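In what follows, a single structure is set out as structure tokens and then discussed.
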Amino acid sequence: MGLLRDAGVVYKPVEQTDLGPCSNESYFKADKAPRMAGFLLKIFAWFLESRIIGALLLYIVKKNNQVHKLVSNATLEEPPMFVPLHPITDKSLDLKSSCFRRWTIADYSRAYSTGEITPLRVAEHFIDAVRESCSPPLPMSFFINSDAEDILRQATESTLRYERGNPISALDGVLIAIKDEIDCYPYPTTGGTKWLHKFRPCTGDACCVMRLRSCGVILVGKTNMHELGAGVSGINPHYGPIRNPYDPKKICGGSSSGSAAVVSSGLCPVALGVDSGGSVRMPASLCGVFGFKPTFGCIPHSGVLPLNWTVGTVGILAATLDDAFIVYAAISGDLPSHKPTTLPPKVQFPLLNSTKPISNIRFAKYGEWFNDCSDEIRICCSNALNLLCDHYKWKTVGVTIPDIESMLLAHYVTISSECSTSLSSHMEKLDFAEIGWDVRVALRVCGAFHGKEYIQAQKMRNRQMQIHNNIFAMADVIVAPTTGRTAYSIVDDALKTGEVDCINGAALIRYQIAGNFLGLPAVTVPVGYDKAGLPIGLQFIGKPWSEPTLMHVAYAMQALCISEYRKPKVFYDLLHKS
């Protein structure tokens, strides 16, 4: 029995856990498997898919990644928490010029209103730029689908509204791209695959897309993504690797890769993504733009691929915090047909340009976790945080957040189990040759978790929810780098097979999980660059429903950094002002 069952951790009750800066709770770093791509990845996938060898390999994979020790066989006193819904309290709703900048929603709206340019002309510039981005030797692979005729139709209608002096809103005529995980009619929703749209045809707009369309937005197409959201690189063997505008030989991060890239390259001021494991914030950080993930349940999930049910939410990638805020205002709020028990009666919006900044903001900083990144990121993010605190007289509070690796594994068990269940009816009819090799491995591992492990993961969710609530009793916002490293190189052997790169993947996802597993709002702000000129992001994680405070903090950080923002190597000026 000792061979088959690994001893599990016995977790102390939350009330007995010291969360202070001098806590004896250790920061655990798990060993990660080496990178696989090309023929080696194919061999590994074949072994995983075999009945006898596959079962043994999956047991070894789970054991070596500490799943048995930290989740499956662990002892937790907390009952399971299946959905990270948060009650509303009055307290949670309380508010507490550059060398280069991307064109914003306000810039487009102003240019249209003054007649300086028309939405139709901008749309024509966009179509030319997308065509140029697809050119050799390094096609950027921004989009899976983009219909020039449909874009011109929308732009013509918007231009006529401006000519009549009757635009629908400030978003009228603004170009916005949609991650190919969100329904946007008449485009198919592929999820980055070659097959999913055949089983689940798109018959209309997702709720968030419908709300944008009602504002007069020009919807310019479906952005490329990591297949099924099952990876962090954005290397898609079917539609091409999405390349980073700051260095086309580097990744964008995933899985909302194309959405981050089109904003970074100036093609759109805003794009929508879906964030289930940092999938908005991670690529936003690597591409030097803003990535905002609201509280779980804040934006309706209707019309989004049901790849999971309790960790994902629609998120916003934007050129500025202001733009993220405007789109958040347009798409947030529950469906009228729903009767929620947790959503606030109305969405709370901050006054970003207030002359009275919030006072007494306290940032929770877990030193060992914060510093578990490259030296360049550690120094850059530390300097940015110090600058923010010095300028606004805000404070940093030292804390300990225990069992972060356990929470990461519990999140992985949860998202894997939900994804496997969601896709199970399709797997029986699917030709596996249509799936990328890296995703074949991911799906095999996803299907390896059983009911007890899922329940154990939800117990860990409850435990971490209590721990984070206690952290938020000491501070207003948790602060950390967005990623543990900057964008890494796209290697040729991964172009046709994808890759499994656990070491780089762990570094990218290290700071993402609380936002998804616990349903907390989070935002990443560009704060600098490494020696190679690749962007670095700083992340702020807020209390449930604290979007107003979180946006104020991010806006304050933006104001201190915006003069240092740099132009990407691949950039398109659609207003033709430069």
Side-chain angles (χ1 to χ4, degrees), residues 97-108 110 129 140 142 174-175 243-248 250-253 256-257 259-271 273 280-292 316-327 352-353 374 376-377 379-388 390-392 479 481-483 485-487 523-540 551-578:
S97 105
S98 68
C99 297
F100 162 74
R101 71 181 185 89
R102 297 173 175 87
W103 299 127
T104 67
I105 291 171
D107 292 323
Y108 282 102
R110 190 180 303 114
M140 300 299 287
F142 290 145
V174 174
L175 311 182
R243 299 182 181 275
N244 195 313
Y246 280 89
D247 183 347
K250 304 290 185 181
I251 65 161
C252 282
S256 302
S257 320
S259 290
V262 296
V263 174
S264 178
S265 65
L267 287 174
C268 301
V270 180
V280 163
R281 293 160 285 148
M282 186 194 312
S285 176
L286 298 190
C287 291
V289 299
F290 290 78
F292 173 60
I316 302 161
L317 301 100
T320 64
L321 193 280
D322 317 54
D323 288 347
F325 167 56
I326 291 170
V327 172
L352 292 181
N353 61 354
S374 71
E376 289 180 279
I377 291 177
I379 294 168
C380 179
C381 288
S382 296
N383 289 343
L385 179 59
N386 292 337
L387 179 66
L388 186 64
D390 290 346
H391 189 87
Y392 292 100
V479 62
T482 309
T483 62
R485 62 157 303 151
T486 52
V523 60
T524 178
V525 180
V527 293
Y529 305 85
D530 67 8
K531 291 177 183 176
L534 296 170
I536 294 170
L538 182 65
Q539 179 179 205
F540 301 103
M551 284 191 169
H552 263 296
V553 170
Y555 187 77
M557 190 77 263
Q558 171 186 263
L560 296 175
C561 296
I562 197 167
S563 63
E564 303 298 324
Y565 289 170
R566 302 177 188 175
K567 186 177 181 179
K569 292 179 181 177
V570 176
F571 184 75
Y572 304 96
D573 177 8
L574 300 192
L575 289 180
H576 284 195
K577 288 188 176 185
S578 6

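On a predicted model such as this, the values are computed, not experimentally measured, just so you know. FYI, the numbering just counts along the sequence from 1. All heavy atoms count here, side chains included; hydrogens, waters and symmetry mates do not.
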Taking side chain as C-beta onward, heavy atoms only, is Leu538 less than 4.5 Å from Val479? yes
Main-chain N/O of Leu321 paired with Gln558 side-chain donor or acceptor, under 3.5 Å: yes
Nearest 0.5 Å please: distance from the CG atom of Asp323 over to the CG atom of Leu317. 12.0 Å
Heavy atoms of Pro248 and Met140 approach each other most closely as CB-SD, 4.1 Å
Considering all heavy atoms of both residues, which atom of Cys287 and which atom of Pro535 are nearest to each other, and what is their separation? C-CG, 3.8 Å
Would you call Pro481 and Ile536 a side-chain contact if the rule is heavy atoms closer than 4.5 Å? no
Minimum heavy-atom separation for Leu574 and Ala129, please, with both atom names. CD2-CB, 4.3 Å
Does the side chain of Leu534 reach to within under 4.5 Å of the side chain of Lys250, using non-hydrogen atoms? yes
dist Met282:CE -> Ile251:CD1 (nearest 0.5 Å) comes out at 8.5 Å
Check whether Tyr108 reaches the backbone of Pro269 with its side chain - one donor and one acceptor, N or O, closer than 3.5 Å. no
Between Asp107 and Arg101, is the salt bridge (charged side-chain N to carboxylate O under 4.0 Å, His left out) condition met? List the steps. CA-CA 11 Å; Asp107 292 323; Arg101 71 181 185 89; 2.7 Å; yes
Using a 4.5 Å cut-off on heavy atoms from C-beta on, say whether the side chain of Val525 contacts that of Phe290. yes
Mind running side-chain contact (heavy atoms from CB on, under 4.5 Å) on Leu388 and Val553 for me, showing each step along the way? CA-CA 9 Å; Leu388 186 64; Val553 170; 4.3 Å; yes
Distance, nearest 0.5 Å, that separates CG of Asn244 from CG of Asp247: 7.0 Å
What's the shortest heavy-atom distance between Val289 and Ala260, and which atoms? CG2-O, 4.3 Å
If you take all heavy atoms of Tyr246 and Gly533, which pair is closest and at what distance? CD2-O, 3.8 Å
Can you tell me how far apart CD1 (Ile105) and OG1 (Thr320) are? Round to the nearest 0.5 Å. 7.0 Å
Does the side chain of Ile377 reach to within under 4.5 Å of the side chain of Asp530, using non-hydrogen atoms? no
Where the side chain of Ser285 meets the backbone of Thr483, is there a donor-acceptor pair that is under 3.5 Å apart? no
Which atom pair, heavy atoms only, marks the closest approach of His576 to Asp573? CD2-O, 2.7 Å
Examine Phe325 together with Tyr555 and report whether their ring centres are nearer than 6.0 Å. no
Rounded to the nearest 0.5 Å, what separates atom CZ in Arg102 from atom CG in Leu575? 14.0 Å
Could you check whether any side-chain N or O of Thr482 sits under 3.5 Å from a backbone N or O of Gly537, counting only pairs where one atom can act as donor and the other as acceptor? yes
Do any N or O atoms from the side chain of Tyr529 and from the backbone of Gly288 form a donor-acceptor pair under 3.5 angstrom? no
Kindly compute the distance separating CE (Met557) from CD (Gln539), expressed to the nearest 0.5 Å. 14.5 Å
Tell me which one of Tyr565, Trp103, Phe100 satisfies ring pair (Phe, Tyr, Trp, His ring centres under 6.0 Å) with Phe571. Phe100
